[in-house]
Protein chains: 2
Amino acid sequence: MNISTKTEYAVRALTELAVNSIDKPVSINEICKKQNLPVKYIEQLFRKLKQNELIKSIHGAKGGYQLALEINNISLKDIMEAVDENYVAPFCNGKPEDHVHCIGLPCAFKELWDEIKEHMENYFDSIKLDQIVARL
Amino acid sequence: MNISTKTEYAVRALTELAVNSIDKPVSINEICKKQNLPVKYIEQLFRKLKQNELIKSIHGAKGGYQLALEINNISLKDIMEAVDENYVAPFCNGKPEDHVHCIGLPCAFKELWDEIKEHMENYFDSIKLDQIVARL
DNA sequence: CCAATTCATACTAATTTAATATGTTATCCT
DNA sequence: AGGATAACATATTAAATTAGTATGAATTGG
């Protein structure tokens, strides 16, 4: 029940894009130098962010990344989902065959876990990148 | 950013207490049989729950555990805190010397992480054991 | 063509988490 | 009194996850 390093790094890196990639792409190297992040790790995260179409890339020298969406249209939830896939996993899907501790059909606790999950998703979705940047 | 197994197990076990320990203590063995949980693991969790004064114990044969507080006075936050200590850790305390990626003093992101932390704590504190039991 | 850069996969190391093992202490019941 | 039951305590192991590294191919600007 923690914010993962992946999420932290991704948020840090994306704020760099938000601020500096408006007119020109920004390379991972630049970002990592500024934010003191491990280059190869960020490469991996950026690939996922790109797959999720939160950022777009320009290949080759003088290439780099830019946001693919408006800054107020990228939420913390989007970032977490991209980078941390099951950042709030339904570890109990209500089926005893999948989750050994489930009792009853559907499992009596499923409703609770689902409610928590939904609350968290809504909350993280309410935090947009522009709000994060505004506070820096 | 997940509900840990520890929390899941503790919640399951505590609902057993909530329902069955009103007049007599309930042993870990009984609980684990019913909920299909690993006895020795639950012992560890219960020790922490006791240290946090959420449950009380009776030693020896015919002994077991009972809730130490009213059922509506135990929140999911209390449980998580007891069992999962830093279930929502302030991984960034704002000091570069403690968290390598912090930039600036205080770190520009500290406010955001703190806000998220506070929101989650409030939310989990709003979910009480009686509400959980009521839905089973 | 070369440097800078994205893109892709595989691997390793570190950390955390879940679970087990072993044993002690306290209390009830016959 | 003694055996059974159950809490209490600590150490260890095993599994899983996460963070980070290594290697290298593909792309593009100058």
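Values below: all heavy atoms of this structure, side chains included; hydrogens, waters and symmetry mates excluded. Residue numbering restarts at 1 for every chain, and letters A, B, ... go by the order of the sequence lines.
For the pair T5(A) and dA19(D), the criterion of a side-chain N or O lying under 4.0 Å from OP1 or OP2 is met. An OP1 or OP2 oxygen of dC7(C) is reached within less than 4.0 angstrom by a side-chain nitrogen or oxygen of K50(A). When the side-chain nitrogen and oxygen atoms of Y9(B) are compared with OP1 and OP2 of dA19(C), one or more of them lie within a distance under 4.0 Å. Between S4(A) and dT18(D), a side-chain N or O to OP1/OP2 separation shorter than 4.0 Å is absent.
Taking a 6.0 Å sphere around CD of Q131(A), one finds it holds more than 12 heavy atoms contributed by other residues, nucleotides or ligands. The environment of E43(B) atom CD is dense: over 12 non-hydrogen atoms of other residues, nucleotides or ligands sit within 6.0 angstrom.
For I42(B) and dC8(D), the CD1 to C1' distance is 15 Å, given to the nearest whole Å. Rounded to whole Å, atom P of dT5(D) lies 17 Å from atom CD1 of I31(B). The distance from atom CD of E8(A) to atom C1' of dT18(D) is 14 Å, rounded to the nearest whole Å. Rounded to a whole Å, the NZ atom of K56(B) is 15 Å from the P atom of dA7(D). The CD atom of Q51(A) sits 13 Å away from the C1' atom of dT6(C) (whole-angstrom rounding). One atom, CD1 of I55(B), and another, C1' of dA7(D), lie 10 Å apart when rounded to the nearest Å. Between the CZ atom of F46(A) and the C1' atom of dT5(C) there is a distance of 13 Å, given to the nearest Å. Rounded to a whole Å, the CD1 atom of I28(A) is 8 Å from the P atom of dC7(C).
For S57(A), the listed nucleotide lying nearest its side chain is dC7(C); candidates were dC7(C), dA26(C), dG29(D). Comparing dA19(D), dC28(C), dA7(D) against the side chain of K6(A) picks out dA19(D) as the nearest. Across dT5(D), dT28(D), dA21(C), the shortest atom-to-atom separation from the side chain of A61(B) is found for dT5(D). Between dC28(C), dT20(C), dT27(D), one nucleotide has an atom nearer to the side chain of Y41(B) than all others, and that is dT20(C). Side-chain atoms of E43(A) lie closest to dT6(C) of the nucleotides dT25(C), dT6(C), dT20(C).
Residues K50(A) and S57(A) bring a donor and an acceptor atom of their side chains to less than 3.5 Å of each other.
In summary, R135(A) and E115(B) engage in a salt bridge, as defined by a charged side-chain N under 4.0 Å from a carboxylate O.
In the interface, the side chain of Q44(A) is not paired with the base of dT18(D) through any donor and acceptor atom under 3.5 Å apart. One donor-acceptor pair, N or O on each side, does fall under 3.5 Å between the base of dT23(D) and the side chain of K40(A).
Each of K62(A) and R47(A) was assigned the nucleotide of DNA chain C with the nearest heavy atom; the assignment lying further toward the 5' end belongs to K62(A).
Using a 30° and 60° split on the angle between ring planes, H119(B) and Y123(A) fall in the parallel class, below 30°.
Contact annotation for Y65(B): backbone-only contact, meaning every heavy-atom pair under 4.0 Å involves sugar-phosphate atoms and none involves a base.
Remark: L54(B) CG to L69(B) CG distance equals 6.0 Å, nearest 0.5 Å.
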